[in-house]
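Structure first, commentary second.
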Amino acid sequence: MKSPLLSLPGAVPAEGVDEGVAAHYGDLFREQRALADGTGFVDLSHRGVVTVTGDDRLSWLHLLLTQHVSDLPAGQATEALILSANGHIEHALYLVDDGTTVWAHVEPGSQEALIAYLESMKFFYRVEVADRTADTAVVHLPAGSIAQAPASAVVRETPYGRDLFLPREELEGFAAEAGPAAGILAHEALRVEQHRPRLGFETDHRTIPHELGWIGTAVHLQKGCYRGQETVARVQNLGKPPRRLVFLHLDGSEVHLPPNGAEIRLADDGPDGRKIGFVTTSVRHHELGPVALALVKRNAPVDARLMAEETAAAQETVVEP
């Protein structure tokens, strides 16, 4: 779904999964600094929006999600995962209940598969699931923003800012009042700085929540059964995850950033060394320079110098080995 804000001055369209919104509006670092200072907004109107209504919505979702939501207070934001039977991450939902409806935004294009799964699990519960992507746009206001949310918006407030579920026809009017606009690349740079994983970037077909630090924030360990819960409990109580998320400071002299999937090796092993991980997201940060998130084998030394393809990298621990 193409955003009307791509008509704003300087807008450069994003590519890949974020196609449909602006990558930036002509000055990536200025946009990052604005968000870090609590000004401006990010157009996330390409993200999928799913709602669940009905008297049983919270108790029903509680059975399906990794998060404890049966008593979720109205207006309280949370995030949750849906796992496979083997405990691998399939969906990530960013939720809020407004008192009558659970609103969730999800990765662009993933809402259809999510809704198909939810519909298959309705059984006798009094719930209705709807795809609201066509009429609802997601907009992000950074932490510290004093911009007023329109009365028509559902607000999801987090430590990183406010996500607004905004009627799509109000998007252009909101942008005119809430500017300056910042592109998705600025939003991603701050996400990487904050070590926050993203489905489809920090995950692959075998990722489990422990590897990314999603235990606690998206996975509640003291709740009843859900699909994949046995894997979560077993790893939590009896073992360690096979991989761990790290934050990388990349060599700033390199012109190109290592792309998603770039192989990581120990620097001391040379270019023919064994692969120990891969880059998940790399960005240019307005203060830190080129940085990245990556998944590496759990037993990789925490103080080892790394190479992301041809780029030297120093690591910071995000998930403890």
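Remember, it's a predicted structure, so these values are computed and weren't measured experimentally. Only heavy atoms go into these numbers, but all of them, side chains included; no hydrogens, no water, no symmetry mates.
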Apply side chain to side chain donor-acceptor pair (under 3.5 Å) to residues S152 and E170 and explain how you reach the verdict. CA-CA 9 Å; S152 57; E170 298 182 20; 2.7 Å; yes

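- Atom CG of L118 and atom CD1 of I82 lie 5.0 Å apart (nearest 0.5 Å).
- Shown here for L164 and P150, the closest heavy-atom pair between the two residues is CD1-CD, 4.2 Å.
- In this structure, Q32 contributes its side chain and R284 its backbone to a donor-acceptor pair below 3.5 Å.
- Looking at E107 and R198, a side-chain N of the basic residue comes within less than 4.0 Å of a carboxylate O on the acidic one, giving a salt bridge.
- Heavy atoms only, all atoms of each residue included: Q315 and A304 are closest at NE2-O, 3.3 Å.
- Between the K223 side chain and the L65 main chain, a donor and an acceptor come within less than 3.5 Å of each other.
- Judged by the 6.0 Å and 45° rule, R156 forms no cation-pi pair with F165.
- Under 4.0 Å is where a charged nitrogen must lie from a carboxylate oxygen, and between D272 and R265 no such pair does.
- A side-chain donor-acceptor contact under 3.5 Å links Q111 to the backbone of G109.
- Interatomic distance, OG of S110 versus NE2 of H91, reported as 6.5 Å (0.5 Å rounding).
- For the 3.5 Å distance criterion, the side chains of E188 and T281 fail to qualify, holding no donor opposite an acceptor.
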Using side chain to side chain donor-acceptor pair (under 3.5 Å), reason through H68 and Q222 one step at a time and then give a plain yes or no. CA-CA 8 Å; H68 196 300; Q222 281 77 48; over 6 Å; no

Side-chain atoms of residues 3-17: list all donor-acceptor pairs with protein atoms under 3.5 Å, sequence neighbours left out, distances to 0.1 Å.
from : atom 1 : to  : atom 2 : distance (Å)
S3   : OG     : L5  : N      : 3.0
S3   : OG     : D43 : OD2    : 2.5
S7   : OG     : P4  : O      : 2.7

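- Atom-to-atom distance recorded for I276:CD1 and I264:CD1 is 6.5 Å, nearest 0.5 angstrom.
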Would D251 and S253 count as a side chain to side chain donor-acceptor pair (under 3.5 Å) if you check the C-alpha gap in whole Å, the side-chain angles of each, and the deciding distance to 0.1 Å? CA-CA 6 Å; D251 180 0; S253 65; 2.9 Å; yes

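- The only member of V291, L288, L293 that meets side-chain contact (heavy atoms from CB on, under 4.5 Å) when paired with E193 is L288.
- In this structure, R274 does not pair ionically with D269, as no charged nitrogen and carboxylate oxygen lie closer than 4.0 Å.
- For the residue pair R33 / H286, no side-chain donor-acceptor distance below 3.5 Å is found, with atom types taken as modelled.
- Checked options L250, L248, T311; the residue passing with P290 is L250 (criterion: side-chain contact (heavy atoms from CB on, under 4.5 Å)).
- Listed here is the closest heavy atom pair of I184 and L44: CD1-CD2, 3.4 Å.
- Using modelled atom types, one finds no donor on one side chain facing an acceptor on the other under 3.5 Å when comparing H24 with E31.
- Although no hydrogens or angles enter the test, the distance criterion places no donor-acceptor pair under 3.5 Å between the side chain of W214 and the main chain of P197.
- Judged by distance alone, the side chain of N86 and the main-chain N or O of H88 form no donor-acceptor pair under 3.5 Å.
- Of the possible polar contacts, one joining the D98 side chain to the T101 backbone as a donor-acceptor pair under 3.5 Å is found.
- Listed for the D204 side chain is a donor-acceptor partner under 3.5 Å among the backbone atoms of T207.
- In terms of modelled atom types and a separation under 3.5 Å, the side chain of T66 and the main chain of A218 share a donor-acceptor contact.
- Judged by distance alone, the side chain of R168 and the main-chain N or O of T133 form a donor-acceptor pair under 3.5 Å.
- Side-chain atoms of E79 never come within 3.5 Å of backbone atoms of Y94 as a donor-acceptor pair (strictly under, hydrogens ignored).
- Both the sub-6.0 Å distance and the 45° axial angle are satisfied by R191 relative to the ring of F201.
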Start with the C-alpha gap between V52 and W60, add the side-chain angles, then the distance that decides, and say whether side-chain contact (heavy atoms from CB on, under 4.5 Å) holds. CA-CA 10 Å; V52 181; W60 176 68; 3.9 Å; yes

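- No more than 12 heavy-atom neighbours from other residues, nucleotides or ligands sit within 6.0 angstrom of CD on E310.
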Indicate every side-chain donor-acceptor pair of residues 140-148 with a distance under 3.5 Å to a residue at least two apart or in another chain.
from : atom 1 : to   : atom 2 : distance (Å)
H140 : ND1    : D163 : OD1    : 2.9
S145 : OG     : A147 : N      : 3.2

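- Note: T136 OG1 to L171 CG = 11.0 Å, rounded to the nearest 0.5 Å.
- Checked for salt-bridge contact, E157 and R162 miss the test: no charged N lies under 4.0 Å from a carboxylate O.
- Across every non-hydrogen atom of P241 and E211, the tightest pair is CB-CG, 3.6 Å.
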Check the pair Y226, V232 against side-chain contact (heavy atoms from CB on, under 4.5 Å), reporting the backbone distance first and the verdict last. CA-CA 10 Å; Y226 52 88; V232 170; 3.8 Å; yes

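- For the atom pair R132 CZ and T51 OG1, the distance stands at 5.0 Å (nearest 0.5 Å).
- Rounded to the nearest 0.5 Å, atoms NZ (K297) and CZ (R244) are 12.0 Å apart.
- A salt bridge is absent between R298 and E320: the closest approach of a Lys/Arg side-chain nitrogen to an acidic carboxylate oxygen does not fall below 4.0 angstrom.
- A donor-acceptor contact closer than 3.5 angstrom is absent between the side chains of H220 and Q67.
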